[in-house]
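Lettering of chains follows the sequences in order, A, B, ..., and the numbering in each one begins at 1. What you see is a predicted model; the values in this text were computed from it and never measured.
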Amino acid sequence: GENVEQHPSTLSVQEGDSAVIKCTYSDSASNYFPWYKQELGKRPQLIIDIRSNVGEKKDQRIAVTLNKTAKHFSLHITETQPEDSAVYFCAASSTSGTYKYIFGTGTRLKVLA
Amino acid sequence: NAGVMQNPRHLVRRRGQEARLRCSPMKGHSHVYWYRQLPEEGLKFMVYLQKENIIDESGMPKERFSAEFPKEGPSILRIQQVVRGDSAAYFCASSPPNLQETQYFGPGTRLLVL
């Protein structure tokens with residue numbers, strides 16, 4: 001069935017360093033890949049997304065890359081700050097289906113000051 | 001434009017009781033999704049609804065769970081005869097008709113079954 005694997009499950013970086021989170025999806029029909037940030041007890045918030053017709057997208061310190069052939073996509077956060085500490089979820093969906101999201105299991109990012 | 005609203009934010013039920021969770025999508029959004037998040041886990045899709053229609057309920061348990069999105073009013077996720085394993089955070093999300101792939105999440109309802 002549809003599945004999204006996410007690694008690592010936890011990640012600690014020093015403030016100012018970069019953080020990379022990787023996801024792999026199984027459904028070849030997936031063509032939309034959002035990333036959400038969830039702080040403790042809060043709602044997931046969309047931070048960046050990418051569609052399958054592009055290989056990379058950047059928004060200030062955040063970038064996402066997509067390799068459709070390998071079914072991999074990654075989130076890159078540069079110059080990390082303590083307020084980046086949260087749980088990050090990747091997801092995959094198909095715009096030819098019902099648009100439901102299949103989420104990864106999450107990465108708990110801790111930025112050490 | 002107010003965001004997605006959910007209520008109650010916290011709900012405590014005893015085993016065997018019913019839980020009703022409500023979700024009001026963003027203004028102009030006609031698609032509603034429900035997800036369940038168990039403690040320390042990711043979000044799992046439950047059901048996708050449009051006004052008066054269930055489009056995809058492939059993630060919904062076959063028994064005790066039901067969902068609706070009436071012509072007027074919020075979407076309701078109903079859990080009958082709750083059990084301890086139903087304790088979780090339930091999030092709804094909505095999306096606009098012209099950008100259906102982008103979902104905006106509500107604050108969630110945290111259900112605790114005693």
Requested in this report: Determine whether more than 12 heavy atoms belonging to other residues, nucleotides or ligands lie under 6.0 Å from atom CG of A:Leu40.
Outcome: no
Report task. With a 4.5 Å heavy-atom cut-off (strictly below), which parts of residues 67-74 of chain B touch chain A? List them by number. Result -> none
Query raised in the report: What are the residues of residues 11-22 of chain B, in order of number, with any heavy atom under 4.5 angstrom from a heavy atom of chain A?
Result: none
Query raised in the report: Is A:Val54 linked to A:Phe33 within one hydrophobic cluster, defined over Ile, Leu, Val, Met, Phe, Trp and Tyr using a side-chain heavy-atom separation of less than 4.5 Å?
Result: yes
Report task. Determine which pairs satisfy disulfide (SG to SG under 2.5 Å) with at least one residue from residues 8-82 of chain A, sequence neighbours left out, and list them in order. Result -> A:Cys23-A:Cys90
Query raised in the report: Are B:Met60 and B:Leu111 linked, directly or through other ILVMFWY residues, by side chains that come within less than 4.5 angstrom of each other?
Result: yes
Query raised in the report: By a 4.5 Å heavy-atom criterion (distance strictly below it), what part of A:Pro34 contacts chain B: side chain, backbone, both, or neither?
Result: neither
Between chain B and chain A, identify every pair of one donor and one acceptor N or O atom lying under 3.5 Å apart.
{"unit_1": "B:Tyr33", "atom_1": "OH", "unit_2": "A:Thr98", "atom_2": "O", "d": "3.1"}
{"unit_1": "B:Tyr35", "atom_1": "OH", "unit_2": "A:Tyr101", "atom_2": "N", "d": "3.1"}
{"unit_1": "B:Gln37", "atom_1": "OE1", "unit_2": "A:Gln38", "atom_2": "NE2", "d": "3.2"}
{"unit_1": "B:Gln37", "atom_1": "NE2", "unit_2": "A:Gln38", "atom_2": "OE1", "d": "3.0"}
{"unit_1": "B:Glu40", "atom_1": "OE1", "unit_2": "A:Arg108", "atom_2": "NH2", "d": "3.2"}
{"unit_1": "B:Asp56", "atom_1": "OD2", "unit_2": "A:Thr98", "atom_2": "OG1", "d": "3.0"}
{"unit_1": "B:Ser58", "atom_1": "OG", "unit_2": "A:Lys100", "atom_2": "NZ", "d": "3.2"}
{"unit_1": "B:Glu101", "atom_1": "O", "unit_2": "A:Tyr101", "atom_2": "OH", "d": "2.5"}
{"unit_1": "B:Glu101", "atom_1": "OE2", "unit_2": "A:Arg51", "atom_2": "NE", "d": "2.9"}
{"unit_1": "B:Glu101", "atom_1": "OE2", "unit_2": "A:Arg51", "atom_2": "NH2", "d": "2.7"}
{"unit_1": "B:Thr102", "atom_1": "OG1", "unit_2": "A:Tyr32", "atom_2": "OH", "d": "3.2"}
{"unit_1": "B:Gln103", "atom_1": "N", "unit_2": "A:Tyr101", "atom_2": "OH", "d": "3.1"}
{"unit_1": "B:Gln103", "atom_1": "O", "unit_2": "A:Tyr36", "atom_2": "OH", "d": "2.6"}
{"unit_1": "B:Gln103", "atom_1": "NE2", "unit_2": "A:Tyr99", "atom_2": "O", "d": "2.9"}
{"unit_1": "B:Phe105", "atom_1": "O", "unit_2": "A:Arg43", "atom_2": "NH1", "d": "3.0"}
{"unit_1": "B:Arg110", "atom_1": "NH2", "unit_2": "A:Gly41", "atom_2": "O", "d": "3.2"}

Query raised in the report: Out of curiosity, does A:Val64 fall in the hydrophobic cluster containing A:Ile21 (side-chain heavy atoms, cut-off under 4.5 Å, transitive links)?
Result: yes
Query - Connected via hydrophobic side-chain network under 4.5 Å: A:Phe73 and A:Leu46 - result: no
Query raised in the report: Looking only at heavy atoms, which two atoms of B:Phe91 and A:Pro44 are closest? And how far apart?
Result: CE2-CD, 3.7 Å
Query raised in the report: Any link between B:Val4 and B:Val47 through a network of hydrophobic side chains (Ile, Leu, Val, Met, Phe, Trp, Tyr) touching at under 4.5 Å?
Result: no
